[in-house]
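Notes follow the structure.
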Amino acid sequence: MKAQLINTAMILSVLAINLSCSDKSGTTPIPVPEPSTEQVPSQPVSTPEPAVAPNTSGNPGLTLIEGADCLACHKIDAKLIGPSYQDVAAKYTEKDIDQLAQKIIDGGKGNWGDIPMTPHEGLSKDDAQQMVKYILSLKSNQKNLK
């Protein structure tokens with residue numbers, strides 16, 4: 001009888017081990033959280049006000065100004081580092097186009113304060129003249145605004 005009890009205990013032990021290690025395809029697995037694909041909205045970035053309105057006129061002088069580094073120092077209607085374009089237009093006339101074009105190419109200091117204007121040696125005389133013509137055209141626009 002003792003042998004029969006030991007055999008039964010061994011059978012139950014083997015059965016218990018087999019049941020605990022068997023395939024549990026009918027059970028639900030423990031859920032594993034998936035990585036979040038939700039994007040966190042970024043903080044709104046404020047953009048500085050442009051120095052000039054977008055060139056909708058197709059003015060070649062304004063196009064050249066927008067493509068150069070001019071707007072880093074000049075605005076149309078307010079002093080930035082250099083004078084406003086309207087102040088330049090008020091001070092100069094059509095007779096000064098060549099002189100001002102050369103000043104854009106060579107750079108300069110002293111006419112508007114101590115901060116020098118950087119030279120733009122790669123700019124052609126014709127392109128510099130187109131830029132000056134645009135700037136001087138702001139004189140007539142300034143009169144129309146008043």
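Count residues from 1 along the sequence.
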*Which residues pass the side chain to side chain contact (heavy atoms under 4.5 Å, CB included) test with Lys133, sequence neighbours left out?*
Ile97, Gln130
_From CD1 (Ile81) to OG1 (Thr118), nearest 0.5 Å_ = 9.5 Å
*What distance do Leu64 atom CG and Ile104 atom CD1 have between them, rounded to the nearest 0.5 Å?*
9.5 Å
_Residues that Asp69 engages under side-chain hydrogen bond (donor to acceptor under 3.5 Å, both in side chains), provided they are two or more places apart_ = His120
*List the steps and the verdict of side chain to side chain contact (heavy atoms under 4.5 Å, CB included) for Thr93 and Lys139.*
CA-CA 9 Å; Thr93 67; Lys139 182 184 308 202; 4.2 Å; yes
*Search all heavy atoms of Ala78 against all heavy atoms of Ser84 and return the closest pair with its distance.*
N-CB, 3.4 Å
Taking distance alone, no hydrogens or angles, what donor-acceptor pairs closer than 3.5 Å link side-chain atoms of residues 105-112 to residues at least two apart or in another chain?
residue, atom, partner, partner atom, Å
Asp106, OD1, Gln102, NE2, 3.1
Asp106, OD2, Gln102, NE2, 3.1

*If you look at every heavy atom in Asn59 and Gly61, which pair is closest and at what distance?*
OD1-N, 2.8 Å
*asked:* Could you work out, with side chain to side chain contact (heavy atoms under 4.5 Å, CB included) as the rule, every residue matching Glu121, not counting sequence neighbours?
replied: Pro119
_So, taking the atom named CD1 in Ile135 and the one named CG in Asp87, what distance separates them when rounded to the nearest 0.5 Å?_
11.5 Å
*Among all residues two or more places apart in sequence or in another chain, which pass the side-chain hydrogen bond (donor to acceptor under 3.5 Å, both in side chains) test with Gln129?*
Asp98
*Only counting residues at least two apart or in another chain, list the ones meeting side chain to side chain contact (heavy atoms under 4.5 Å, CB included) with Ala68.*
Cys70, Met131
*Hey, what do you get for CG (Leu100) to NZ (Lys103), rounding to the nearest 0.5 Å?*
8.0 Å
_Rounded distance (nearest 0.5 Å) linking atom CG of Leu62 with atom CG of Leu71_ = 8.0 Å
*If you look at every heavy atom in Ala101 and Val132, which pair is closest and at what distance?*
N-CG2, 3.6 Å
_Students often mix this up, so state it plainly: with edges at 30° and 60°, are the rings of Tyr85 and His74 parallel, tilted or perpendicular?_
parallel
